[in-house]
Structure formats: structure tokens, C-alpha cells
Enquirer: 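Dumping the structure here so I can ask a few things about it.
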Amino acid sequence: MGGSSDSDSHDGYLTSEYNSSNSLFSLNTGNSYSSASLDRATLDCQDSDFYSNHKNSLLSAEVPRLISNDALHLPITLNYKRENGHVTYTNGKINKFMIVLIGLPATGKSTISSHLIQCLKNNPLTNSLRCKVFNAGKIRRQISCATISKPLLLSNTSSEDLFNPKNNDKKETYARITLQKLFHEINNDDCDVGIFDATNSTIERRKFIFEEICSFNTDELSTFNLVPIILQVSCFNKDFIKYNIHNKSFNEDYLDKPYELAIKDFAKRLKHYYSQFTPFSQDEFNQIHRYISQHEEIDTSLFFFNVINAGIVEPNSLNQSHYPSTCGKQIRDTVMVIENFINHYSQMFGFEYIDAVKLFFEKFENSSDKTMTTLDSVVNDEFFNDLQSLIESNGLA
Ligand SMILES: Nc1ncnc2c1ncn2[C@@H]1O[C@H](COP(=O)(O)OP(=O)(O)O)[C@@H](O)[C@H]1O
Ligand SMILES: O=P(O)(O)OC[C@H]1O[C@@](CO)(OP(=O)(O)O)[C@@H](O)[C@@H]1O
């Protein structure tokens with residue numbers, strides 16, 4: 001494999017597990033998001049029904065927070081599509097599922113989401129569930145592409161770098177639009193399992209997501225109840241990170257960009273994320289559980305699972321499950337299928353991925369191809385040391 005194969009040593013965040021005990025709700029006084037306004041220019045998006053239908057509400061000064069109080073609240077369909085008799089209720093509402101992903105860019109969140117969907121589709125207990133991924137990056141690209149005068153802003157070439165912490169408001173806006181789209185499709189009964197695919201890398205963001213879930217669940221006009229499942233995807237192995245960065249350089253953000261520029265840009269993006277990322281902790285799990293139980297006035301279900309280094313590192317005690325005594329069979333079955341997927345991820349998909357990583361490095365080992373030289377010139381020991389320092393200065397290592 002590549003130069004940095006010390007993946008199993010325990011000399012820092014990038015090669016070992018973390019611990020963190022951040023306090024979720026103590027950090028945020030007041031609603032730090034209420035003043036975030038939508039960027040009118042970037043919202044002029046033509047290519048999606050969702051945006052055309054809701055352009056006006058999306059263009060309003062305030063980002064919609066409650067499904068019931070704005071134009072995003074669409075008629076509820078009673079055309080319930082699941083065929084089997086496993087449907088269960090919470091507070092008189094039909095249960096559906098929301099998977100909240102957490103993880104730095106290029107850790108495998110989108111890939112693992114598609115594997116999870118395959119697994120849910122293949123299991124008779126869950127094959128009737130309609131699953132859909134709501135990817136904040138994709139929504140951002142749809143909106144940016146529809147804006148004729150404003151091409152995608154790359155961190156490397158633009159002072160308006162979206163991923164620079166000083167532009168967090170803009171990033172939050174895309175995340176909120178993605179979240180609203182997920183709620184909209186759940187509420188419209190177009191989907192039973194909504195996967196919110198974003199880094200969701202800060203405690204403040206996660207607090208916001210769970211406030212929104214509570215608002216959705218307690219909205220008298222909605223028919224459905226969302227059962228939240230948190231899935232954290234981590235990657236500490238330097239070879240995996242390097243391989244993933246290489247692959248990310250071919251994604252839609254960089255379609256017309258040269259390889260070197262894409263790699264540099266993504267590496268810079270990663271540094272911004274490392275300077276802000278807070279991993280999910282048991283404390284945060286407990287605080288979120290208290291918060292939703294208080295707001296929904298019932299003991300609510302909450303689950304937290306981890307995939308670490310493509311499943312080859314056992315999550316040990318990191319996973320958490322809270323089943324209320326009234327929890328129905330459908331929730332138990334679905335969570336069991338997901339838990340099984342997590343526990344067997346390495347055998348199902350992880351080892352195949354590791355083989356691909358090995359092959360990638362072998363292919364370039366004795367070759368004169370410029371790819372590895374370019375990748376090495378950016379993603380090298382110095383880069384990993386920088387990431388390590390950023391994580392340490394963030395207080396997380
Ligand atoms: N578990 C995995 N199995 C297969 N490929 C993976 C896996 N994790 C990451 N990759 C590779 O890394 C790239 C980045 O992963 P991706 O899922 O897009 O990460 P994220 O969604 O966290 O940004 C993918 O294009 C894929 O090639
Ligand atoms: O707002 P956060 O939670 O950071 O997540 C969204 C961002 O994550 C990224 C990180 O790279 O996702 P993706 O790689 O899936 O496209 C960006 O594209 C996207 O803008």
C-alpha cells in the first residue's frame with residue numbers, strides 16, 4: 001500500500017478512536033440559525049420540481065423551520081403504500097425512519113448509504129420500505145448549476161470558498177433545504193426511510209436537526225412520526241483517506257477540472273472540516289434523547305451506530321440503542337436489520353473495498369503514471385500532520 005500504512009498504530013486521531021464528551025445543548029444559547037437568509041441568486045433553480053413548487057417559500061427571508069407554518073406544508077396523502085402489516089404508530093402517527101449521517105467528507109457516507117439501501121431491499125422484513133438519500137452536496141450542485149452567472153466555487157480558486165468556516169451560513173442553508181426536502185417527501189408519503197446525507201459535523205447542526213425532527217413529529221397536521229437513527233461513518237486509515245480523496249476528485253464538483261486542482265481543492269476542503277468537526281458522543285446521545293422525550297412527551301426511540309474504517313474496527317461500546325417499552329415490532333425489525341448490516345459491514349462490503357484500495361496502490365507502485373506523483377504531492381505526511389494538528393486544536397484528539 002501507499003507510504004503511510006501505519007493505520008493500526010495508535011498515535012493520533014487519524015489512526016485511532018476518539019473520545020469526546022461535548023455538551024450538546026449547553027453550547028447553544030438561543031437559535032443561532034434564525035437569521036440565516038437564503039441566497040436569492042443561488043436559489044434560482046429551474047431543474048427541480050421541488051424548487052419550482054416552493055421557490056417562494058424558499059426565497060423568503062427566514063429559512064422555514066416548522067412544516068406546519070409555511071408553504072412547504074403540503075396536503076397529506078392517505079394513500080399509504082406499504083403493503084405488509086408491520087406498520088406501527090407513535091402518538092397515533094405512522095412510523096417512518098430518518099437516518100442522520102455524521103462524518104467528515106470522503107469517509108464513505110454516500111457509499112455506505114447505498115449499501116444500506118441494498119441491504120434493506122434484500123431483507124423480507126424491510127423490503128417494502130421505500131428508501132431515499134437526500135444528499136446536501138447534490139442539492140448544492142443542483143442549485144449552483146441552475147445559477148447561470150455563478151459557477152461552482154472551488155476552495156482553491158475562490159475567496160468565496162463555501163467550505164471556509166466564515167461561509168458556514170451558506171452551507172447551513174443548503175443543509176436546511178435538503179432537510180426540508182426530506183420532510184416534504186416523508187410528509188407526502190413518497191418515502192419511508194429518508195437518509196440525510198451531509199457531514200452534520202457540528203453539535204449546533206445536530207441540535208438543529210433534532211429540533212426539526214421534534215417539530216415534524218409534534219406537528220398536529222402531519223400523519224407520520226420519524227424514528228431517528230444516527231449513523232456515524234469514520235475513517236482513520238491514511239491509505240483509505242488517500243484513496244477516497246482520489247475518488248472524490250472525479251465527483252460532480254470537479255467534472256471539468258484538472259486532477260491536480262481537484263485534489264488540492266478537496267484537500268483544502270478536508271482541512272476546513274477537520275478544524276470544525278465534533279464527533280458524536282454518548283453525552284450527545286443522552287442529551288438528544290432527553291430533548292426529544294421532553295418535547296414529544298413520550299419515551300422516544302433513538303439509535304446510534306458507527307461504521308469505522310469500512311467496518312474493520314469494531315465500534316465496541318460506541319453504538320447506543322434506546323427502545324421504549326412501547327416500541328412496536330416494525331421499529332425493532334428495521335433497527336435489527338440495520339444493526340445486522342453495521343455488524344457485518346466488513347464481510348459484506350468492507351473487505352471488497354480494502355481489496356480495491358490495495359489494488360489502487362499496487363497499480364501505481366512501479367508505474368510512471370503521474371497520478372500517484374500528483375496525489376503524493378498533496379496528500380502526504382505533511383498533510384496528515386496538518387489534519388492531526390487541526391483535530392487537536394479542535395480539542396478532539
Ligand atoms: N465503504 C466503502 N466502500 C467502497 N468505496 C468506498 C467506501 N468508502 C469510501 N469509498 C470510496 O471513497 C469515495 C468517497 O466516498 P463517499 O461515499 O463519497 O464519501 P462521503 O459520502 O463520506 O463524502 C467513494 O467514491 C468510494 O470510491
Ligand atoms: O453541510 P454539510 O453537513 O457539511 O454537508 C454538505 C457538504 O458535504 C459534502 C462534503 O464534501 O458532501 P458530498 O461529498 O457528499 O458532496 C459537500 O458536497 C456538501 O456541500
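These numbers were taken from a predicted model, which means no experiment stands behind them. As the structure lists them, so they are numbered: ligands from 1, and atoms in each ligand from 1.
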Enquirer: Can you tell me the protein heavy atom closest to atom 17 (C) of ligand 2 and the distance?
Expert: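 Going atom by atom, the protein heavy atom closest to atom 17 (C) of ligand 2 ends up being Arg140 NH2, 3.5 Å.
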
Enquirer: I need the atoms of ligand 2 closer than 4.0 Å to a non-hydrogen atom of Lys248, numbered in the order shown.
Expert: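 The atoms of ligand 2 under 4.0 Å from a heavy atom of Lys248 are 13 (P), 14 (O), 15 (O).
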
Enquirer: Heavy atoms only, cut-off 4.0 Å: how does Arg141 contact ligand 2, side chain, backbone, both, or neither?
Expert: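 It is the side chain that gets close, since no backbone atom is under 4.0 Å.
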
Enquirer: Can you check whether Tyr259 and His246 have ring centres sitting under 6.0 Å from each other?
Expert: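 Yes, they do, as the ring centres are separated by less than 6.0 Å.
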
Enquirer: Which is it for Arg269 and ligand 2 at heavy atoms under 4.0 Å: side chain, backbone, both or neither?
Expert: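 For Arg269, the contact with ligand 2 is made by the side chain alone.
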
Enquirer: For atom 8 (O) of ligand 2, state which one of Thr199, Asn200, Asn244 supplies the nearest heavy atom.
Expert: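 The nearest heavy atom belongs to Thr199.
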
Enquirer: Does Leu359 belong to the same Ile/Leu/Val/Met/Phe/Trp/Tyr cluster as Tyr243, with side-chain heavy atoms less than 4.5 Å apart forming each link?
Expert: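 No; tracing contacts between hydrophobic side chains, which count when under 4.5 Å, never links both residues.
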
Enquirer: Could you list, one pair per line, each nitrogen or oxygen of ligand 1 together with any protein nitrogen or oxygen closer than 3.5 Å, giving atom names and the distance rounded to 0.1 Å?
Expert:
from, atom 1, to, atom 2, distance (Å)
ligand 1, 1 (N), Tyr345, OH, 2.8
ligand 1, 12 (O), Asn244, OD1, 3.0
ligand 1, 17 (O), Ser110, N, 3.3
ligand 1, 17 (O), Thr111, N, 2.9
ligand 1, 17 (O), Thr111, OG1, 2.5
ligand 1, 18 (O), Lys248, NZ, 2.9
ligand 1, 19 (O), Gly108, N, 3.1
ligand 1, 21 (O), Lys109, N, 3.4
ligand 1, 21 (O), Ser110, N, 2.8
ligand 1, 21 (O), Ser110, OG, 3.0
ligand 1, 22 (O), Ala106, N, 3.4
ligand 1, 22 (O), Thr107, N, 3.1
ligand 1, 22 (O), Thr107, OG1, 3.4
ligand 1, 22 (O), Gly108, N, 3.0
ligand 1, 22 (O), Lys109, N, 2.9
ligand 1, 22 (O), Lys109, NZ, 2.8
ligand 1, 23 (O), Ala106, N, 2.8
ligand 1, 23 (O), Lys248, NZ, 2.9
ligand 1, 27 (O), Asn247, ND2, 2.9

Enquirer: List ligand 2 atoms under 4.0 Å from Phe163, heavy atoms only on the residue side.
Expert: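 Ligand 2 atoms under the 4.0 Å threshold to Phe163: 17 (C), 20 (O).
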
Enquirer: How does Asn135 reach ligand 2, if at all, at less than 4.0 Å between non-hydrogen atoms: by side chain, backbone, both, or neither?
Expert: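 Contact part for Asn135 vs ligand 2: side chain (C-beta onward).
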
Enquirer: For atom 6 (C) of ligand 2, what is the closest protein heavy atom, and at what distance to 0.1 Å?
Expert: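 That would be Ala136 CB, 3.6 Å.
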
Enquirer: Got a second to check how far Leu255's CG is from Arg141's CZ, nearest 0.5 Å?
Expert: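 Output value for this atom pair is 9.0 Å.
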
Enquirer: If we set the cut-off at 4.0 Å for heavy atoms, which region of Arg205 has an atom near ligand 2: side chain, backbone, both, or neither?
Expert: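 Under 4.0 Å from ligand 2, Arg205 contributes side-chain atoms alone.
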
Enquirer: Out of all atoms in ligand 2, which are within 4.0 Å of some heavy atom of Lys171? Include the element for each.
Expert: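 Result: 1 (O), 4 (O).
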
Enquirer: Does the gap between the ring centers of Phe364 and Phe360 come in under 6.0 Å?
Expert: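 Distance test on ring centres: under 6.0 Å, yes.
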
Enquirer: Return the orientation label for the Tyr291 and His295 ring planes: parallel under 30°, perpendicular over 60°, tilted otherwise.
Expert: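 Tilted, since the angle between the ring planes falls between 30° and 60°.
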
Enquirer: Should the proximity of Phe277 to ligand 2, defined as any heavy atom under 4.0 Å, be assigned to the side chain, the backbone, both, or neither?
Expert: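 Neither part.
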
Enquirer: Can you list the residues that meet the side chain to side chain contact (heavy atoms under 4.5 Å, CB included) rule with Ser114, with sequence neighbours excluded?
Expert: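 So Ser114 forms no side chain to side chain contact (heavy atoms under 4.5 Å, CB included) with any residue.
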
Enquirer: Can you list everything that forms a side chain to side chain contact (heavy atoms under 4.5 Å, CB included) with Pro258? Sequence neighbours excluded, please.
Expert: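 Residues passing side chain to side chain contact (heavy atoms under 4.5 Å, CB included) with Pro258: Leu261.
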
Enquirer: Relative to the ring of Phe266, is the ring of Tyr254 parallel (under 30°), tilted (30 to 60°) or perpendicular (over 60°)?
Expert: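 Taking Phe266 first and then Tyr254, their aromatic rings stand perpendicular (interplane angle over 60°).
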
Enquirer: Only counting residues at least two apart or in another chain, list the ones meeting side chain to side chain contact (heavy atoms under 4.5 Å, CB included) with Glu352.
Expert: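 Counting only residues at least two positions away or on another chain, Glu352 forms no side chain to side chain contact (heavy atoms under 4.5 Å, CB included).
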
Enquirer: So which bit of Tyr273 gets within less than 4.0 Å of ligand 2, heavy atoms only: side chain, backbone, both or neither?
Expert: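 Looking at Tyr273 and ligand 2, just side chain atoms fall under 4.0 Å.
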
Enquirer: In ligand 2, which numbered atoms sit nearer than 4.0 Å to a non-hydrogen atom of Gly137?
Expert: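 Taking each heavy atom of Gly137 in turn, ligand 2 has 16 (O), 18 (O), 19 (C), 20 (O) under 4.0 Å.
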
Enquirer: Is any side-chain heavy atom of Glu284 closer than 4.5 Å to one of Phe304?
Expert: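 Phe304 does not reach Glu284 side chain to side chain.
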
Enquirer: Provide the closest heavy-atom pair for Val378 versus Phe383 in the form atom of the first, atom of the second, distance.
Expert: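 Nearest heavy atoms, Val378 then Phe383: O-CB, 3.2 Å.
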
Enquirer: Taking the six-membered ring for Trp, are Phe285 and His322 ring centroids under 6.0 Å apart?
Expert: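 Centroid distance Phe285-His322: not below 6.0 Å, so no.
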
